[in-house]
Amino acid sequence: MKVIENTVVKSNTEIASGIWELVADSPKICSEYRGPGQFVSILPIDGWQHPLRRPMSIAAVKKSSLTIIYKIFGDVTSEFSKLQKGDNLNMLGPIGNTFSGWDDSGYDPVLVGGGVGLAPILNLKNTCADNGIAVAVIIGARRGAEHFMDHDPDNGLWLTTDDGSLGAAGTVMPTLEDVIASLPNPRLFACGPEPMLEAVRDFSIAKGIPAELSVESYMACGIELCQGCVIAKPNGQDKKNSYHERYSLVCADGPIYEAKDISFG
Amino acid sequence: MKVIENTVVKSNTEIASGIWELVADSPKICSEYRGPGQFVSILPIDGWQHPLRRPMSIAAVKKSSLTIIYKIFGDVTSEFSKLQKGDNLNMLGPIGNTFSGWDDSGYDPVLVGGGVGLAPILNLKNTCADNGIAVAVIIGARRGAEHFMDHDPDNGLWLTTDDGSLGAAGTVMPTLEDVIASLPNPRLFACGPEPMLEAVRDFSIAKGIPAELSVESYMACGIELCQGCVIAKPNGQDKKNSYHERYSLVCADGPIYEAKDISFG
Amino acid sequence: MADITVTIGKHTFQNPVFAASGTFGYGLENPDLVDISAFGAIVTKSITRQPREGNPPPRIVETPSGMINSIGLSNIGVDKYVSDMAPKYADIGCPVIMNIAGSSEDEYCEIVEITESVNSNIIGYEVNISCPNVKHGGIEFGVNAELTESLTSKIRKRTGKLVIMKLSPNVTDIRSIAKAAEAGGADALSAINTVYGMSINPHTKKSEIYTTYGGLSGPAIKPVGLACVHKVSLAVDVPVIGIGGITSGKDAVEYILAGASAIQVGTANYRDPATGISILDDLKRYLAEQNIATVAEMIGMVETYES
Amino acid sequence: MADITVTIGKHTFQNPVFAASGTFGYGLENPDLVDISAFGAIVTKSITRQPREGNPPPRIVETPSGMINSIGLSNIGVDKYVSDMAPKYADIGCPVIMNIAGSSEDEYCEIVEITESVNSNIIGYEVNISCPNVKHGGIEFGVNAELTESLTSKIRKRTGKLVIMKLSPNVTDIRSIAKAAEAGGADALSAINTVYGMSINPHTKKSEIYTTYGGLSGPAIKPVGLACVHKVSLAVDVPVIGIGGITSGKDAVEYILAGASAIQVGTANYRDPATGISILDDLKRYLAEQNIATVAEMIGMVETYES
Ligand SMILES: Cc1cc2nc3c(=O)[nH]c(=O)nc-3n(C[C@H](O)[C@H](O)[C@H](O)COP(=O)(O)OP(=O)(O)OC[C@H]3O[C@@H](n4cnc5c(N)ncnc54)[C@H](O)[C@@H]3O)c2cc1C
Ligand SMILES: Cc1cc2nc3c(=O)[nH]c(=O)nc-3n(C[C@H](O)[C@H](O)[C@H](O)COP(=O)(O)OP(=O)(O)OC[C@H]3O[C@@H](n4cnc5c(N)ncnc54)[C@H](O)[C@@H]3O)c2cc1C
Ligand SMILES: Cc1cc2nc3c(=O)[nH]c(=O)nc-3n(C[C@H](O)[C@H](O)[C@H](O)COP(=O)(O)O)c2cc1C
Ligand SMILES: Cc1cc2nc3c(=O)[nH]c(=O)nc-3n(C[C@H](O)[C@H](O)[C@H](O)COP(=O)(O)O)c2cc1C
Ligand code: FES
Ligand code: FES
C-alpha cells in the first residue's frame, strides 16, 4: 500500500561532490516498504513552480528511518540540499517492485551501480550483508570526487572512474567482465545511467547471464494515473489494438525489469 | 538614480502580530536615498513562481542600513519572513518622490498611518525628530496586537484600534479631528489602506488643510517600463487624445500625491 | 452549512468538485490514497473504440508551473472498459462520467452505443473533441463549429445520459464552438482541455515530447481556463464545467465566480489524488466566511468593470 | 569566439537578443540600470496614430509564473514619438525597431508615412496585430489571414525598412496567419504576443483586470511560444523572432533551436532590465560548451522524433 507522508528530516549531508544523503523519519512509508528497488516520490518544496514530484530510490530503511541518496541535478534537488534537520518533506511511497533472486543461494549476486543509480544498489548490498549473503559490487563514476566509498576489491567492492582518478579506469564493463570470470553462477543487478544499463543489458543477454535492471523514466504521478512513465517492451511491438503490451508503466510494473524485457530508446 | 542591489539581511523580526521589520545592508540604495516616502521593490525569493517584485516603503535609512516594515499578506511576504541574517535580498530602488513641506516651519505636521502604510509614516516621524521638528502622529490598526508602539498622546503619539482594544476606539478619523483642533496650521501626511486615504483626502479637501497621501498601486516594474501602476487623476479626465493626463504613473510621479490630485476607484 | 450541491442537466451532484479526465485513471487505481466517495463526480481517462497503447515516450515534461503531456489516449478500449471496469462502479459511492474520444463520428457513436447496451453506473459522457496530442483524436471536431454541432447531435440521439462536450482553448473563437455544442444538444460544456505547448532540451537539442507538441496543463494555464470559462458561460445557457490549473479552494472559487457550475481537478491529482477533498474543505470555509448560502448563487457572480 | 550575429531582412544584428515591445518603454527610461548598446535591438512600446491614455486600472495582476496585463496601448502617439523620441536614438548604440498598432489599415499606414517622412535611426517596424486588451488595437487583423496579408502589403509599399508582423497565439491556426504575412511581403514574423487570460479576486469577487480579459505573459507561456515559433518557422521562409517567457540563456537556446532567428525578452525586464545581457552571456557560454560556431547554424536545429 502506498501512503503520502509528511516526513521529518533527520539529517541531510553532502557525502561526495554534489551527492547528498538525506535521512527522514517516515514511519508510515517504512512500514509499507518491501525491499531494495522500491522508490519514493518527493514533493518539491517551492510551491507550484515545479508541479511534479521527484522519484528517488530508497537507499535504506532502518526502523522508521528512510534514506535517499540524491545528486544535485536541477532546481528541485538544489532546493532539497538546503533542507535542515526538523524540516518537513512530503513523500509518496513506497512505489514499485523489488529486486528478486538475490537471496537465492544458487546464484552469486553481482551489483552494478553508477551515478544516481547508486541508491538501490547500496540498499541491495546492505540488505544482502544483513542476510549474510556475499556479493560483488561495482560502482562507476566520472571522477574520484563523486565516490564516497573505498576501492576495496578484497572485500568485494570495486570502484571505477571514467578519468581513472580512483579505482579502475574506464566504465564498469571491463571490471564486470573480470569479476564474473571467477563466479560460477553470476546474477546481475544494475542501476545507473542509460548507457550503462544498455551495456549491462546487451552483455547479460549475450552471455546468457540473468540480470535485473532498475530503470528510470519521467513520471508525473507515480500512482498509475498519468500513463506518462512508459518504457518500451521489445516483445510487444506488433499488436495493432493493444494496451500495455508495447509499453510498460515503470511506476506500476517497474522500476525493476529483467534485461530481456525492456529496450532503450 | 535607481540601482539594483543584492542586499544582505542584518535582522528580520516580528515586531507585532504578522508585522515584520527587516534591516538590510544596502550601501548603494542608501546612498541614493532622498527622503521619507521613497520605496524599494524587492525580488521574490522563490524563483519565477512569482515573477513580480514587491514594492515596500523605506521605513528608515541609517548609513548603509535600510529598514522595511512588512505585513505577511500572501506567498511572497511569507517567504520574506523566513529570511535570516546573512541571506541575500535583491532590491531595486530607491523609487519615487518624497513627502514635502514637513520641514516648513510655518506648518504643524500631522502624520497618519495605518496597516502596512506605517513604514513611510514612521520614517517621516523619525526624520522630523532628527531635525528637531515636533509632529503629531496617529496610527490606526484593527486590533491592539497589530500595534508595536505605545499609545502616548502626551508625547504626540495616538494609537487607534477598530475594536477598541488599544488607544482610541474606531478609525483614525475622530482622533485626527481632535488632534488638528488644537493646531494652528496643520499639514497632513498619510499612508495606509485605501478607505483611510480616501477619508483623509475628503476631510482635508473639505477643511482646506493641505495633505500629502502616499498611495499604492499594482506594479510590474517600478521603473516606468510597464505602464501598469496608474492611478486616476481627477483633473485630467476629459482630453480626447492624451497621454498621462488622465492617469499618473505611481512609480514615476508618486507614490506621494497632494490629496486634490488623485481620486480613488 | 451552505448548500454545495450543483445541478447539471437532470443530475444533482453532492458537490461541484470533480476529478478531470486522464488525471484520475478509471477511478479505481488508488483506493487507499483517496476516498473517491467525497468527490462530486469523477471523469475517466478517455476511452476509445479500440484499446490504444498511446504515444512512444517521452510523454511528459515539466514546465514553469505546468507540465506538457502527450499520452496519446492510452486506454483499454470500450469493450474491456464496459466489461471489466464499469461493473466496479456499482459501489464506489461517486457518479462516474465516461470520457470518450474518437477519430470519426462513427467511432464516437459506436462507443456510446456499446456503453448504452449494458447496464452501468455511468451517468454520462464527456466528449473529448480537444485532445492536442493525437492527430485523429477528436481535435479536428473541436476546432470546427459545424463538426462539433453534428457530432454532438449524433451522440445526443444515442443517449439519455448527460452529454458534456469538452472544449479546446486552442481556437480563435471558443464561443462559436460552445454555441455549436449547445445547438447540438449538449447538456453541459467542459473547458478547458490542454493548451498546445513544446519543450526542448538544450543539451541534447531534442524535443522533450515524442510528438513535438503536447498539451500544457497545471497552474500556468489557470488564467487561460478562467478566461475561456467566463466567455463560454456568457455565450451559452447550459452549465459550464471549469478546468485548468485548479490546485486550491481559491482557484475553484475563481472558476465558479467566472461562471463554472462545477470544476475539475487535473494535474494537481498527480501530487496528491486527494487534492479535490482539500479543495472542497477550502470551498466550504470560503462559503461560511463570505456568508454565501449556496454554491449555485455564486456561479458567474464575478463583478467585471466593463460589460 | 562564436559568431553571434544574426540576419533579418537586410539587417545584420550584433546579437540575437532583443527587448520586447511594451517591456522596455522607449528604450530611454533607465540609462543607469542597463547598457542598451549591448542588445541586438530594442523594440519600442506600441505607438499609435494619436496619443493614448490606455485602460483604467487595474492593469496588472500576477498569476502562477506569469502576469496578466491590460495596459491598453498607453503611448505618446506617433507625432510626439517622431519629434521627441526618435532623435534621441542617434547615439544609443543599438538599432531601434518601432512597434506600431492601429484600429484600421489607414491608421497603420499613416503611422508609417509620418515616420518615413523624417530622418531617424529607426530600422524597421514591428506591426502589432495581436494586442489582446484593446478592442480595436489590431487583433481583428491578427486573427484573419486575408486582413493580415492586405495590411502587410500596404505597409510594405510604404517602407523599405524592416517590416515584422507580430502574431497572436490566440488563433486556431497560426500557420495560416504567418503565411499570409509572408505573402504580404513581411521581412520577418514575431511570435508570440500575449495569451488571453483572466484573474478574479475571491475576496472582492471582482475581476483583477479592468478589461476582464488581459494578456498572459512570462514563464508560464514559454511552452506556448515555443510551439508557435516551431510551427511558424516550418511554415514560412522568412525569419521568425521568438518571444514568450524568456528569462535565461536556456530559454533563448530553446527558442533558437525551435526555429527563432532572434529572441525578445519581455516580462523578465520588469525584474531586471539587464536580463537580456545575462541571457547573452549564457548564450555565449552555451555556444562555447557545445562547440557551435555560429548562432545561425543553431536556428531550427531541434531534433524531433516525428517529422
Ligand atoms: C524510479 C526513479 C528513481 C530515481 N532515483 C534517484 C535517486 O535515488 N537519486 C537521484 O539523485 N535521482 C534519482 N532519480 C532521478 C531524479 O528523479 C531526478 O534527478 C530529479 O527529478 C531531478 O530533479 P531536478 O529538479 O533537480 O532537476 P531537473 O532540472 O528538473 O531535471 C533534470 C532531469 O531530471 C529528470 N526528472 C525531472 N523531473 C522528473 C520526474 N518528475 N520524473 C522523473 N524524472 C524527472 C529528467 O531526466 C530531467 O531531465 C530517479 C528517477 C526515477 C524515475
Ligand atoms: C508603493 C508601495 C509601497 C508599499 N509599501 C509596503 C510596506 O511598506 N509594507 C508592506 O507590508 N507592504 C507594502 N506594500 C504592499 C506590498 O507590496 C504587498 O503587500 C505585497 O506585494 C504582498 O505580496 P504577497 O505575495 O505577500 O501577497 P499577494 O498574495 O501576492 O498579494 C496580496 C496583495 O498585495 C498586492 N500586491 C501583490 N503584488 C504586488 C505588486 N507587484 N505591486 C503592488 N502590489 C502588489 C496586491 O494588492 C495583492 O492583492 C506597498 C505597495 C506599494 C505599491
Ligand atoms: C497526463 C494528462 C492526461 C490527460 N488525458 C486526458 C484525456 O484522456 N482526455 C481528456 O479529455 N483530457 C485529458 N487531459 C486533460 C485534463 O483533463 C484537463 O483538461 C487539463 O489537464 C487541464 O486541467 P489541469 O490544468 O488541472 O490539469 C489530460 C491531462 C493530463 C495532464
Ligand atoms: C505590460 C506589457 C505590455 C506590453 N505591451 C505591448 C505592446 O505595446 N505592443 C506589443 O506588441 N506587445 C506588447 N506586449 C507583449 C510583449 O512584447 C511580449 O510579446 C509578451 O509579453 C510575451 O513575452 P514575455 O512572456 O517575455 O513577456 C506587452 C507585454 C506586457 C507584459
Ligand atoms: S508515473 Fe503516472 S502512470 Fe506511472
Ligand atoms: S510599475 Fe511599471 S510603469 Fe510604474
Side-chain angles (χ1 to χ4, degrees), chain C residues 56 58 61 63-66 68 143-144 168-173 195-207 209-214 216 218-231 245 247 249-251 253-255 257-258 286 290 298 301-307, chain D residues 56 58 61 63-66 68 143-144 168-173 195-207 209-214 216 218-231 245 247 249-251 253-255 257-258 286 290 298 301-307:
Chain C
V61 69
T63 66
S65 295
I68 302 174
V143 299
N144 181 313
S168 171
N170 303 302
V171 293
T172 306
D173 181 14
V195 178
Y196 275 114
M198 180 178 184
S199 181
I200 298 172
N201 183 323
H203 303 294
T204 62
K205 305 186 192 71
K206 274 193 182 170
S207 164
I209 290 288
Y210 187 89
T211 53
T212 309
Y213 316 121
L216 180 64
I221 68 164
K222 193 185 80 171
V224 180
L226 269 176
C228 289
V229 164
H230 188 257
K231 283 182 194 174
T247 69
K250 177 181 173 297
D251 297 335
V253 166
E254 285 191 63
Y255 269 93
L257 292 171
Y286 175 85
Q290 296 268 332
M298 247 178 87
M301 208 197 210
V302 63
E303 191 186 322
T304 55
Y305 293 87
E306 304 180 313
S307 54
Chain D
V61 68
T63 66
S65 295
I68 303 174
V143 298
N144 183 314
S168 172
N170 303 301
V171 293
T172 306
D173 181 14
V195 179
Y196 275 114
M198 178 178 184
S199 181
I200 297 173
N201 183 322
H203 303 294
T204 62
K205 305 186 193 69
K206 274 194 182 169
S207 163
I209 290 287
Y210 187 89
T211 52
T212 310
Y213 315 121
L216 180 63
I221 68 164
K222 193 185 80 171
V224 180
L226 269 176
C228 289
V229 164
H230 189 256
K231 284 182 194 176
T247 68
K250 178 180 171 298
D251 298 334
V253 167
E254 286 192 63
Y255 268 94
L257 292 172
Y286 174 86
Q290 296 269 330
M298 250 179 83
M301 208 196 210
V302 64
E303 190 186 325
T304 55
Y305 293 86
E306 304 179 313
S307 54

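Quick note on labels: first sequence line is chain A, next is B, and so on, each numbered from 1.
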Indicate the atoms forming the closest heavy-atom contact of V171(C) with T172(D), along with that distance.
CA-OG1, 3.2 Å
Greatest number of non-hydrogen atom pairs under 4.5 angstrom with chain C, of A258(D), G66(D), P219(D), P169(D), falls to P219(D)
Which atoms of Q290(C) approach chain D - backbone, side chain, both or neither, heavy atom under 4.5 Å
side chain
If you tally heavy-atom pairs under 4.5 Å against chain C, which of K222(D), K231(D), M298(D), H203(D) wins?
K231(D)
Select one option (side chain, backbone, both, neither) describing which atoms of L257(C) are under 4.5 Å from chain D's heavy atoms.
both
When you check the side-chain N and O atoms of S207(C) and T304(D), is any donor under 3.5 Å from an acceptor?
no
Using non-hydrogen atoms only, which part of V224(C) is less than 4.5 Å away from chain D: side chain, backbone, both, or neither?
both
What part of Y210(C) gets within 4.5 angstrom of chain D, counting heavy atoms only: side chain, backbone, both, or neither?
both
Most heavy-atom pairs under 4.5 angstrom with chain C, which of P64(D), C228(D), S168(D)?
P64(D)
With a 4.5 angstrom heavy-atom cut-off, which part of V253(C) approaches chain D: side chain, backbone, both or neither?
side chain
Taking atom CG of N170(C) and atom CG of D173(D), what is their separation to the nearest 0.5 Å?
11.5 Å
Could you report the tightest heavy-atom contact between P223(D) and L216(C), atom names first, then the distance?
CG-CD1, 3.9 Å
Who among P202(D), G197(D), S65(D) has the most heavy-atom pairs with chain C under 4.5 Å?
P202(D)
Between V143(D), V195(D), T211(D), I68(D), which shows the greatest number of heavy-atom pairs under 4.5 Å with chain C?
T211(D)
What part of I221(C) gets closer than 4.5 Å to chain D, counting heavy atoms only: side chain, backbone, both or neither?
neither
To the nearest 0.5 Å, tell me how far Y213(D) OH sits from L226(C) CG.
10.0 Å
When heavy-atom pairs shorter than 4.5 Å are enumerated against chain C, which of G214(D), P58(D), P56(D) gives the highest number?
P58(D)
Could you state the interatomic distance from CG (N201(C)) to CD (E254(D)), rounded to the nearest 0.5 Å?
8.0 Å
Using non-hydrogen atoms and a 4.5 Å limit, figure out which bit of Y286(C) sits close to chain D: side chain, backbone, both or neither.
side chain
